[in-house]
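Below is one structure, written out as structure tokens; comments come after it.
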Number of protein chains: 2
Amino acid sequence: MSKKIVTIKDVARLAGTSLGTVSNVINGSKTVKSENRERVIKAMEELEYIPNLTAQSLKTNKSKLIGLVLPTITNPFYPALAKGVEDMANRMGYTIILCNTDLDCEKEARYVEMLISNRAAGVILVKSSLPEESIEKYSKKIKITLIDSKPNFQGNIDLVETSNYEGLFKAVEYLGSLGHTRVAYITGNLRSKSDVERLNGYLQAVKNGKFLYREDYIKNGNFTIDGGYKLGSELLQMPEPPTAICCSNDLTAIGVIQAAKALNLRVPQDVSVAGFDDIDICKLVMPALTSIHQPKYDQGEKAARVLIEKINDENASIARNYILNTELKIRESTGICPK
Amino acid sequence: MSKKIVTIKDVARLAGTSLGTVSNVINGSKTVKSENRERVIKAMEELEYIPNLTAQSLKTNKSKLIGLVLPTITNPFYPALAKGVEDMANRMGYTIILCNTDLDCEKEARYVEMLISNRAAGVILVKSSLPEESIEKYSKKIKITLIDSKPNFQGNIDLVETSNYEGLFKAVEYLGSLGHTRVAYITGNLRSKSDVERLNGYLQAVKNGKFLYREDYIKNGNFTIDGGYKLGSELLQMPEPPTAICCSNDLTAIGVIQAAKALNLRVPQDVSVAGFDDIDICKLVMPALTSIHQPKYDQGEKAARVLIEKINDENASIARNYILNTELKIRESTGICPK
DNA sequence: ATTAATAAAATTAACGTTTCATTTAGTGAG
DNA sequence: CTCACTAAATGAAACGTTAATTTTATTAAT
């Protein structure tokens with residue numbers, strides 16, 4: 001095997017110059033004669049030199065890597081967001097390391113420590129479920145930007161989020177305008193701020209309007225189709241079932257629709273269903289899913305930009321907070337209240 | 001800012017020992033007295049020591065990072081595969097760096113070089129569109145495992161693929177058994193072996209059976225919904241349109257179904273549609289999509305295992321080739337031939 | 001008790017870079 | 001043709017580790 005590694009030293013030898021000069025060429029320093037510069041470049045090409053970023057990072061204590069830590073890569077919401085992060089990061093000269101936590105807090109911590117260990121320049125945590133003190137601790141070792149953070153997080157850390165509260169609020173109001181009074185809600189795992197905010201939006205809307213507030217109209221879900229199916233079944237088989245069900249994300253809503261179908265209920269004639277996120281699938285399922293649109297890609301872009309700006313600007317120490325807007329996308333899964 | 005970095009040296013000082021001893025503790029060497037070991041461990045905890053993997057990798061010329069380079073993270077097929085890779089890699093002590101090429105060959109090359117630069121131990125290339133000589137070149141610097149490689153690739157490189165040929169063959173045969181004779185096919189970009197194999201499966205099946213072979217029943221797509229929509233429209237508006245359309249992936253098939261709907265054609269009564277990959281969405285769209293199932297997760301797992309085994313076993317130099325089976329999942333989008 | 005043997009700890013030289021302090025070469029003015 | 005000065009190139013130290021070598025401490029055998 002013995003993959004022989006070409007170093008700056010080999011390049012220097014072939015070019016007939018010192019290592020310092022080669023390094024200067026690589027880093028674009030002005031102080032190297034164009035003749036020598038060319039010789040070095042030629043030597044690099046000839047030897048197929050590839051710089052060793054680990055050595056470089058060790059020496060300079062800088063790197064062009066940023067981590068993106070997210071809950072569930074298989075929920076299409078996250079790839080869309082990840083793409084926004086990746087595109088922006090690439091544009092700004094950074095590479096992302098994508099880490100999938102499976103909503104497992106331990107795994108999330110391990111990933112962040114791995115990123116610190118590998119001296120990544122920063123990390124974007126999406127819907128982090130790390131305890132606040134861990135985030136605080138890690139933030140001393142690596143620049144952090146949060147997307148949809150923990151509830152009540154106060155640290156000096158940038159935050160990008162969407163108007164989750166308003167999103168849910170508007171959805172419930174819209175259902176009210178269709179005549180619904182019995183509107184249920186299925187939450188996520190309530191471990192992220194965004195999820196709590198969505199619940200709050202629901203609660204506020206229900207209390208504001210002419211809705212029936214019942215505790216058993218609120219179910220704790222887990223952001224999955226299966227979860228939605230199970231809880232949707234429960235809700236729809238209550239003695240006084242809701243006529244509309246809002247969900248903390250689209251997968252849950254899809255599960256609810258399946259549950260309705262299994263119970264021979266028509267959507268939206270018998271029951272209305274709304275999701276959150278507006279993933280691409282919404283337009284493809286039957287009936288097409290009414291959903292609260294989040295600017296996934298923009299969110300990713302924004303977070304990447306904010307993080308990298310922080311990385312580049314050594315003295316910027318104020319925490320910034322960006323809120324992007326949601327928008328209700330009305331499709332076929334919601335309709336006027338039956339009866 | 002000044003994030004102060006705790007090194008092995010600081011730990012040694014606090015523990016009242018030499019760096020060598022600390023290093024031995026970290027690497028679990030047996031030759032350190034349990035009393036000292038404890039002191040070191042305590043010091044590490046107290047200082048919140050996090051090892052510098054760049055330094056370690058520089059010194060040992062090893063790392064626990066592997067790259068996963070794939071075409072389109074937003075196609076749900078890839079996250080499912082990625083999860084298989086990630087789970088297996090984690091289980092074997094490795095971390096993955098996920099890279100998304102957008103089917104851009106330049107970007108793919110940049111990513112591979114980045115991985116080499118960062119001294120990743122290996123890389124899994126999914127449906128690589130790199131020229132063969134590039135792969136050959138890179139394989140001298142980093143261990144490579146291919147998933148669904150370039151056509152005709154012959155290098156000494158492990159390969160994991162699925163029975164693409166048989167998959168398409170069986171699908172066309174099945175359509176034949178439903179009475180279809182005019183079966184069209186929409187390819188992908190034909191830049192990966194898997195895609196070419198699928199086309200070959202189609203061609204062979206058509207030539208074998210009592211099908212009508214027409215060149216204009218074969219369209220070159222691009223693996224996207226939009227592509228499927230456009231080409232599906234074209235096919236369905238031909239003077240003698242096909243009665244069934246097979247697609248190189250599910251997204252394309254979904255596009256075709258949308259095109260059919262837009263033309264007021266019913267699926268499957270007027271036209272049958274089949275996809276490839278069997279992504280989760282297949283069960284959710286209406287009508288549910290008949291598709292050729294690939295063991296995405298298993299494929300990822302297998303590739304990760306093969307790669308890491310190769311990394312760990314320095315002398316293993318024979319290339320291995322694994323073929324996983326496809327399976328036709330019959331759902332609602334295919335039916336008996338009209339008329 | 002002395003020596004030989006082994007166990008444990010300490011020391012030091014790398015790994016491939018960058019960077020800073022030097023040295024050498026190059027230029028124009030007097 | 002020097003001198004002073006600038007430009008360019010060189011050399012060596014350092015980054016945080018590991019691993020090989022050397023030193024010191026401990027144990028066993030005579």
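We name chains A, B, ... by the order of the sequence lines, and we start the count at 1 in each one.
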**Q.** Whole-Å distance separating the CG atom of A:N36 from the P atom of C:dG26
**A.**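 Answer to the nearest Å: 11 Å.
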Considering only heavy atoms from C-beta outward, does the side chain of [X] approach that of [Y] to under 4.5 Å?
X      : Y      : result
B:Y111 : A:N90  : yes
A:I66  : A:I311 : yes
A:N189 : A:D195 : yes

Q: Quick one, give me the B/S/- string for nucleotides 16-22 of chain D, reading 5' to 3', where B means a protein heavy atom under 4.0 Å from the base and S means that only happens at the primed atoms, P, OP1 or OP2.
A: BBB----
May I have all residue pairs that pass salt bridge (Lys or Arg N to Asp or Glu O under 4.0 Å) and include part of [range], sequence neighbours excluded?
range                      : answer
residues 38-57 of chain B  : B:E35-B:R39
residues 65-77 of chain A  : none
residues 92-102 of chain A : A:D102-A:K107, A:D102-B:K83

Is there any protein nitrogen or oxygen under 3.5 Å from a nitrogen or oxygen in nucleotides 23-25 of chain D, and what are the pairs?
none

Q: Look at the side-chain N and O atoms of B:T17 and state whether any lies under 4.0 Å from the OP1 or OP2 oxygen of C:dA10.
A: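 Yes.
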Please list, pair by pair, any protein nitrogen or oxygen found under 3.5 Å from a nitrogen or oxygen in nucleotides 5-7 of chain C.
none

Q.
With a 3.5 Å distance limit and no angle check, can you tell me whether B:E108 reaches the backbone of B:V69 through a side-chain donor-acceptor pair?
A.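 No: the side chain of B:E108 does not pair with the backbone of B:V69.
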Q) Counting only N and O atoms by type, is there a donor-acceptor contact under 3.5 Å from the side chain of B:S23 to the main-chain atoms of B:L19? A)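 Such a contact is absent between B:S23 side chain and B:L19 backbone.
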Q. Per the side chain to side chain contact (heavy atoms under 4.5 Å, CB included) rule, which among B:N52, B:T21, B:V22, B:V25 passes with B:I8?
A.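 Only one of B:N52, B:T21, B:V22, B:V25 forms a side chain to side chain contact (heavy atoms under 4.5 Å, CB included) with B:I8, namely B:V22.
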Q.
Please give me the minimum heavy-atom distance between B:L159 and B:D148, naming the atom from each residue.
A.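 For B:L159 and B:D148, the tightest heavy-atom pair comes out as CD1-N, 4.2 Å.
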